[in-house]
Amino acid sequence: MGEMRRGAVLVAVAAALALLPQPAATDAASARVTGGAQASAVSFAFGAPAAAAPLVSAVPEVAEPTAVDCARVKCVALTFDDGPSPYTLEVLRSLQKAGARATFFVVGENTAQRPAVVKAVADAGMVVGDHSWDHREYTRLTAKQQRWETKSTARAIVAAGAPKPTLFRPPFGSYDRATRKLGMPIILWDVDPEDWKTRSTAKTTRRVLAGARAGSIVLLHDIWPSTVKAVPAIIKGLQKKGYTLVTLPELLGTTRAGTVYTDRRR
Ligand code: NI
């Protein structure tokens with residue numbers, strides 16, 4: 001992407017951000033998110049239904065071709081779960097500004113509410129993965145329910161205009177034999193700053209920078225303002241340490257359905 005085009009894209013994304021409604025339901029949503037098994041009834045819906053439809057025309061249409069070889073350069077894959085949220089485009093802007101890529105594991109019902117955000121993420125060269133329809137714990141679901149959760153989300157992602165997801169991250173990292181038969185690789189992580197627990201920009205930043213190694217998969221959530229604020233410093237800190245920030249397909253190469261990945265095999 002040339003400088004002029006990059007500039008135009010940034011302006012467009014900035015304009016798009018200005019159009020976003022301010023989140024009103026964040027506190028209610030935060031209060032319900034407790035993590036772990038007891039959170040299986042959590043609703044990840046965000047306040048007002050997305051008024052973000054005009055975004056579609058304001059985003060770049062062509063992703064840059066990528067040629068990162070993570071066998072030769074030090075790569076880290078940032079992953080953002082549970083969106084799209086009112087903050088997702090701010091994360092996207094931080095990534096684009098720094099020439100970084102990442103993977104977004106979206107929840108189906110949020111995707112249905114904010115399809116334009118998911119399309120913007122994909123159009124910007126980021127990868128969109130499947131994180132279930134409504135964030136249920138899969139080990140409490142039947143095989144049939146697991147298939148419904150996963151397929152409905154994939155359909156919502158495609159309906160939003162993003163490529164069909166090829167990567168699955170189970171809510172809470174919980175999976176069983178049925179999950180392995182969903183036809184997608186199961187993507188976990190090796191660096192978890194527990195951003196949802198601390199809601200601290202400083203701790204999230206510090207823990208990611210201390211924990212990341214070449215080949216790491218970092219778990220973050222683009223639904224917490226504290227995390228969104230940490231993203232620029234995380235990117236800058238990792239780049240300063242010599243890491244290239246890549247998508248999961250770039251980090252992992254060819255993946256196998258039913259296989260569990262926590263990082264790049266070394
Ligand atoms: Ni999640």
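Counting from 1, the numbers follow the sequence of the chain as shown. Note that ligands are numbered from 1 as they come in the structure, with each ligand's atoms numbered from 1 the same way.
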> Considering only N, O or S atoms, which atom of H135 is nearest to the Ni ion (ligand 1)?
Replying inline: NE2
>> Using a distance threshold of 2.8 Å, state whether an N, O or S atom of D82 lies below it from the Ni ion (ligand 1).
In response: yes
>> Taking N, O or S atoms only and a limit of 2.8 Å, check whether H131 reaches the Ni ion (ligand 1).
In response: yes
> Any donor and acceptor pair, going by atom type alone, linking the side chain of T79 with main-chain N or O of V218 inside 3.5 Å?
Replying inline: yes
>> For a quick check under 3.5 Å, do Y87 and T227 share a side-chain donor-acceptor pair by atom type?
In response: no
> Is it the case that D190 and T262 place a side-chain donor and acceptor less than 3.5 Å from each other?
Replying inline: no
> Run the side-chain contact (heavy atoms from CB on, under 4.5 Å) check on F80 and V231 step by step: do they pass?
Replying inline: CA-CA 10 Å; F80 295 95; V231 171; 3.7 Å; yes
